[in-house]
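So that the names make sense, note that chain A is the first sequence line, chain B the second, and so on, each numbered from 1.
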Amino acid sequence: MGRKRIKLCSTRRYPQFQRFFDNVSKCNKFSGISHEQANSWYPCPPLKVVNPISEMKKQIEQLVVTALQQLAAQDMIPSDSLTAAKIERARDSKHGDFATNAALVLAKPAGKNPRELAQAIIDALPASELVEKCDIAGPGFINFKLSSTAYQSLIPTIISQADRYGRSELGAGKKVQVEYVSANPTGPLHVGHGRGAAYGSVVADLLEAVGYQVHREYYVNDAGRQMDILATSVWLRYLELCDESLTFPANGYKGDYVWDIAATLHRDHAEDYKVAAETLFEGVPADEPDGGDKEAHIDGLIQQAKKLLGDNRYRFVFELGLNTILDDIRDDLSLFGVNYEEWYSERSLMESGAVNQVIERLRGSGHLYEKGGALWFRSTDFGDEKDRVVVRDNGQTTYFASDIAYHLDKLQRGFERVIDVWGADHHGYVPRVKAALQALGEDADKLDVLLVQFAILYRGGEKVQMSTRSGEFVTLRELRKEVGADAARFFYVMRKCEQHMDFDLDLAKSQSNDNPVYYVQYAHARICSVLQQAAEQQITIASDASAIDYACLVESQEEALLTNLAKYPEALELSALNEEPHQLTHYLRELATDFHTYYNAHKFLVEDTKLRDARLQLILATRQVIRNGLGLLGVSAPEKM
RNA sequence: GCCCUCGUAGCUCAGCAGGAUAGAGCAAUCGCCUCCUAAGCGAUAGGUCACAGGUUCGACUCCUGUCGAGGGCGCCA
C-alpha cells in the first residue's frame, strides 16, 4: 500500500482527484504550445480568496508560453512537441523566485544546446513589470526574480484576509468523510491512539481549509466479542468487590479502570448482581495458566455471565462498561482538541439490519459461498490474497461484515471521498474492504485508507511495551497532562504518517527547549510582546495596511520573511492535498526562524515612523500566518510565554 | 514463505512531479543580552543519500535485485 504523493498538477496516480481538480491539474503544465491550448492554459476557477503570489506565478507562466509560441512560429522549436516544461519555485532563494526548465526539456526536440535555447526564450519574453530580472543558470534553467513591490503588496493582503489567508476553494465544497481513532471502547485511549487522533483531526481541518465540506466520524465498535469480554471483566471485578474469591481470566481486561467501573456498580447496586463464585466456573473450559485455552475460557465465562445474570442485568453491566469508557474517550479527545460530527455505532448497523442486508446483497450477486459451516466472501475475485469470512459457523457475523455495511453506508450517504485513518497493523485489511465495495458495485477508489505507523515509546532510553489487555500502557490522558496538548499534537504530526516514530517520553515530558512547538509559539509571543511595547510607548499602529509605503523594507531578512509569507497558501495546499500535516509544521518552523533572525538583526520600534509603520505591518502579517498555521494544527498561539 | 512500510550527518527527521553545490533541529566547537522576552541569533564542523544494477541529457527521487529494521498475513477485533 504505497502512499504516493499527490502533486497539485498530477492526477495520474490518484484518479479520484481527477474529479475534484480537473481544472487545477491543467494549471502549471505546458501541455503544448498551440493557441487553443495556450488560451485554455489556466482555466482555474476564480478563488474566493485570491493568493497574490500564485497569480504572479500564472502571469509568469503566461510570459513563458508567449515566448515559446513565438519560437515555435520561428521554427526554433517543434510546435508539436509535448513537453514537461514547468514553472516552479526556485529551490534556493539565491536563484530568484521562480524557475523554468523549459530550455532543458525542449533542447532535445529542438536539437539545440539548452543554454542557447534558454537565451532565445529570454529574448522572446515579453516585458513585464512583475519581473525584476531573469537569467540563465546551471545547465539551462531560467530564473525569474520578482520585483520587490510585488512581494510588498502581500502585506496588506494578508492583514485584510486575516484568518482566511491561505485558505482556498480547491475542494469546491465536495463532501469528504474522515474517520479516525475509532478505538474499541474497551479501555482508555493510549498514546498509540494519540497519533491517529492528532493526525486525523489535522488532516480533516486541512481539507476543510482548502474548501472541502468535512464530516468527522468515530466508528464505535460497541458490538462484538471484545465488548463482551469487557462486560464480563467488569462483572468479575464486581464479584471480587462482593468478597467473592475467584481467579481472574488471563484474557480479561485487567486495567484499573475496570475496577473503577466495577466499584460504581457495587456502590450503586450493592449486591444485586452477585452470584456465588463456585457456580460461575461450572462447565467453563480451563484457562491458559491451568493448561487450557484462554480464548475458550473467556468465551465460556461470557456465556456464564449472560446465563447467570439474565438478559436485562447482563445488558446493564455491558452498557455501564461501554458508556463509562465511551464518555471517558469522548472527554479525553475533546481535551486533546479532537472533535467529531458523529459517533457512529456498529450496533446500530446490526440492529437496523444493515449488516444482514449487505450480506444478502452479496449472496444474491453470487459473491458468497459456504465452507465449513461458515459463509465466505470471495474477495480474491477482486485482488485480495484470500477469501474472508463474513458469518462464522456459530452464526455470528464478523467484524468485517459490519465494516462492509459501514463503508457501504458511508458511500450511500453521498460522500465523494471517504478517508479512513487506521493503524498500520490494519494494512492487510484494506484490500478486503475495497473488494467488498467493488462487489457491491461501488467505486472503491473513493475510499482512501491512510495508515499511521505506531509511535514507539521510549522511557529511560528503553522501549515501553504496551498491551491494553494487561493494563500496561501510557494513556493519552497521562501524556496530555504531562506534556500538554499543544506539544503532544505538534510532536505527533511532525512526521509523515507512514514513518515509524520514536516518541521519547522523557524528552516530551521535560519542558525542554528541544520541543519545536515552543519555538514557533515563541515567535508569536514575541510579536505580541513587541506590539504591547508599542502600545506602552503610545505608538499607534496604522489601521489601514494598504496605506503604508513598504518600499523601505529592503533588508535581506525582510525579503526572506516576505517570501516565506507568500509561500503559506502553497504550503497549506500541499499539506492538505497530500494529507501531510508535517509539511505545515516544517513550514511554520521555517517561518519562525525567519522571524527570529529578523528580530535579532533589526529593531522594529525605531524612530523613523515610516520605517516603523512598515515593519510593524510586516510582523503583524507574520503573526497572522503563524496564528493561522498553528490554528490548523490545533495548537494554541500564546500571547505571552 | 508471501505482502506492506522504512533505510539520507553522531541522534531525530525534511527533501516539494527526476533538475542546479542533498537541507533543518538536537548534540559538538566558537561568538552575540546597558538594546522590542537569550524559550532567541550568527559562525564552524559533520554525508559514498543501505548496497548493486537498470531507465536518460540528468536519479536521494522511477524500475529490478540484495542486505537490514518494523508491521501484517486466524471462522481476532
(request) Show the numbers, then the answer: is there a side-chain contact (heavy atoms from CB on, under 4.5 Å) between A/Tyr568 and A/Leu584? (result) CA-CA 9 Å; A/Tyr568 177 66; A/Leu584 185 55; 3.9 Å; yes
[X] side chain N/O closer than 4.0 Å to the phosphate oxygens (OP1, OP2) of [N]?
| X | N | answer |
| --- | --- | --- |
| A/Lys496 | B/C16 | no |
| A/His426 | B/C4 | no |
| A/Gln533 | B/U37 | yes |
| A/Tyr519 | B/C41 | yes |
| A/Tyr587 | B/C16 | no |
| A/Thr597 | B/G42 | yes |
| A/Arg432 | B/C73 | no |
| A/Arg495 | B/C13 | yes |

Which base sits across from [N] as a Watson-Crick or G-U pair, both distances under 3.5 Å?
| N | answer |
| --- | --- |
| B/C73 | B/G1 |
| B/C11 | B/G25 |
| B/C51 | B/G65 |
| B/U37 | none |

(request) Examine the side chains of A/Tyr598 and A/Glu558 and answer whether a donor and an acceptor come within less than 3.5 Å of each other. (result) yes
Between [atom2] of [N] and [atom1] of [X], the distance in whole Å:
| X | N | atom1 | atom2 | answer |
| --- | --- | --- | --- | --- |
| A/Tyr399 | B/G74 | OH | C1' | 16 Å |
| A/Asn600 | B/G31 | CG | P | 18 Å |
| A/Phe400 | B/G74 | CZ | C1' | 14 Å |

(request) Answer yes or no: does atom CD of A/Gln537 have more than 12 heavy-atom neighbours from other residues, nucleotides or ligands under 6.0 Å? (result) yes
(message) Base of B/A77, side chain of A/Asp425 - is there a donor-acceptor contact under 3.5 Å?
(response) no
(request) State plainly whether the residues A/Arg225 and A/Asp299 are in salt-bridge range, i.e. N to O under 4.0 Å. (result) yes
(request) Assign each of A/Ile142 and A/Tyr429 to its nearest nucleotide of RNA chain B by heavy atoms, then name whichever residue's nucleotide is nearer the 5' end. (result) A/Ile142
(request) Write down the atom of A/Val389, the atom of A/Phe400, and the distance for their closest heavy-atom approach. (result) O-CD2, 3.8 Å
(message) For a quick test of reading the model, state the closest non-hydrogen atom pair linking A/Pro185 to A/Ile329 and the distance between them.
(response) CA-CD1, 4.1 Å
(message) From C-beta outward on A/His427, which listed nucleotide comes closest to its side chain: B/C3, B/C75, B/G40?
(response) B/C3
(request) Under 4.0 Å between any heavy atoms, over every strand shown, what does A/Lys640 touch: base, sugar-phosphate, or nothing? Just pick one. (result) base
(request) Look at all strands and tell whether A/Ala525 reaches a base, only sugar-phosphate, or nothing, counting heavy atoms closer than 4.0 Å. (result) base
(request) Would you say whether A/Tyr599 stacks on B/G40? The test is a distance between ring centres of less than 5.5 Å and an angle between planes of less than 30°. (result) no
